[in-house]
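What you are looking at is a predicted structure, and each value in this text was computed from that prediction instead of being measured. In what follows, every chain begins at residue 1, and chains take the letters A, B, ... in the order their sequences are listed.
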Amino acid sequence: MQYWLMKSEPSAYSWEQLVKDGKTGWTGVRNFQASGNMKKMKKGDQAFFYHSNEGLAVVGIAEIAKEYHPDPTDKTGKFGMVEVKALTPFKTPVTMKEIKATPALNDMVLVKNSRLSVQPVTAAEWKAVCKMGGVKA
DNA sequence: GCCAACGTTGGC
DNA sequence: GCCAACGTTGGC
């Protein structure tokens with residue numbers, strides 16, 4: 001089981017929308033590192049859903065429903081996509097501010113490389129953030 | 001709305 | 001294959 005973090009601007013696609021849709025195709029990634037991370041995802045892996053720009057917080061947990069395959073919205077054929085489904089909403093969102101205020105979480109990719117939209121999360125980080133969000137890891 | 005950081009592109 | 005220029009992301 002691997003853990004991940006995926007970012008989305010709420011104005012583009014929010015957690016609330018994913019809950020409503022149940023499942024969505026994670027298209028539009030145009031970054032090799034992010035796309036490469038999606039390639040490593042296995043069905044059943046879990047990912048934090050992070051709201052960037054507005055909210056600035058981890059708001060829930062999604063599960064990888066379909067593994068990496070070509071993104072039909074990418075005309076160049078270089079990038080891929082996965083499908084995710086809503087799994088567990090956080091009781092309380094875990095904000096960037098709180099993450100930065102937690103020494104154990106300062107090595108998160110979210111803090112170190114805030115521009116990467118799909119990133120790995122360690123088991124320890126996963127556990128800590130889940131706890132802060134009020135859900136069981 | 002600004003600006004720093006970073007990834008990508010393209011000319012050489 | 002290098003590197004400058006450019007565009008985009010995202011926190012503040």
Side-chain angles (χ1 to χ4, degrees):
Chain A
M1 161 80 76
Q2 292 246 77
Y3 299 110
W4 308 95
L5 182 145
M6 300 170 96
K7 289 199 289 201
S8 181
E9 298 187 36
S11 59
Y13 193 87
S14 67
W15 167 256
E16 288 74 21
Q17 190 63 43
L18 180 61
V19 169
K20 202 183 293 174
D21 294 346
K23 189 169 100 166
T24 197
W26 206 261
T27 56
V29 172
R30 297 292 181 268
N31 172 288
F32 292 112
Q33 239 183 308
S35 190
N37 282 335
M38 290 201 295
K39 203 178 281 185
K40 294 181 204 152
M41 290 176 173
K42 295 275 178 246
K43 192 174 176 179
D45 278 359
Q46 295 183 12
F48 287 138
F49 195 107
Y50 177 81
H51 277 170
S52 62
N53 277 316
E54 305 157 53
L56 303 184
V58 177
V59 289
I61 296 172
E63 184 183 317
I64 308 308
K66 189 176 176 190
E67 293 179 14
Y68 187 89
H69 54 289
D71 179 351
T73 70
D74 174 29
K75 300 291 175 237
T76 69
K78 290 184 203 161
F79 301 100
M81 60 175 282
V82 294
E83 274 176 28
V84 298
K85 61 179 179 189
L87 195 63
T88 316
F90 269 20
K91 281 203 180 71
T92 44
V94 178
T95 64
M96 170 66 81
K97 212 174 150 186
E98 290 171 273
I99 288 169
K100 284 193 169 167
T102 308
L105 297 178
N106 282 355
D107 281 336
M108 281 186 78
V109 182
L110 187 65
V111 177
K112 292 210 156 157
N113 182 4
S114 66
R115 295 197 36 186
L116 185 59
S117 63
V118 180
Q119 39 181 276
V121 172
T122 69
E125 290 162 355
W126 183 268
K127 216 173 160 183
V129 174
C130 282
K131 196 175 175 190
M132 289 161 74
V135 298
K136 259 206 171 306

Practice task
Taking atom types as modelled, find out whether A/E98 and A/T95 have a side-chain donor-acceptor pair closer than 3.5 angstrom.
Solution key: yes
Practice task
Just compare B/dT9, C/dG10, B/dG7 and give me whichever is closest to any side-chain atom of A/N113.
Solution key: B/dG7
Exercise for the section: For A/N53, report the nucleic acid contact type (base, sugar-phosphate, nothing); a contact means any heavy atom under 4.0 Å. Expected result: base
Practice task
Over 60° means perpendicular and under 30° means parallel, so classify the ring planes of A/F48 and A/F90, tilted if in between.
Solution key: perpendicular
Exercise for the section: Find the distance A/E9:CD to C/dG11:C1' and express it as a whole number of Å. Expected result: 12 Å
Problem - Side-chain donor-acceptor contact under 3.5 Å, A/Y68 with A/N37 - result: no
Problem - Electrostatic pair A/E67:A/K43 at N-O distance under 4.0 angstrom - result: no
Practice task
Check DNA chain C against residues 95-103 of chain A and give the residues with a non-hydrogen atom under 4.0 Å, in numerical order.
Solution key: A/M96, A/K100
Exercise for the section: Could you state the atom-to-atom distance from CG of A/N31 to P of C/dG10 in whole Å? Expected result: 9 Å
Exercise for the section: Could you tell me whether the side chain of A/R30 has a donor or acceptor atom within less than 3.5 Å of a complementary atom in the base of B/dT8? Expected result: no
Practice task
Name the orientation class of the two ring planes belonging to A/W26 and A/F49 (parallel below 30°, tilted from 30 to 60°, perpendicular beyond 60°).
Solution key: perpendicular
Handout entry: Nucleotide nearest A/F32 when distance is taken to its side chain, options B/dT8, B/dT9, B/dA5
Key = B/dT8
Practice task
Among the candidates B/dG7, C/dG11, C/dT8, find the nucleotide nearest to the side-chain atoms of A/S114.
Solution key: C/dG11
Practice task
To the nearest Å, give me how far apart CZ (A/R115) and P (C/dG7) are.
Solution key: 14 Å
Practice task
May I have the distance from A/L116 (atom CG) to B/dG7 (atom C1'), rounded to whole angstrom?
Solution key: 11 Å
Exercise for the section: Report the distance from atom NZ of A/K7 to atom P of C/dG11, rounded to the nearest whole Å. Expected result: 6 Å
Problem - Short N-O contact, A/D71 and A/R30, less than 4.0 angstrom - result: yes
Exercise for the section: Measure from CD on A/E54 to C1' on C/dC12 and round the result to the nearest Å. Expected result: 14 Å
Problem - A/K112 NZ to C/dG10 P, straight-line distance once rounded to whole Å - result: 19 Å
Problem - Spacing of A/Y13 atom OH relative to C/dT9 atom C1', expressed in whole Å - result: 21 Å
Practice task
Respond yes when some side-chain nitrogen or oxygen of A/Y50 is under 4.0 Å from OP1 or OP2 of C/dT9, and no when none is.
Solution key: no
Handout entry: Modelled atom types, side-chain donor and acceptor of A/E9 and A/N53, under 3.5 Å
Key = yes
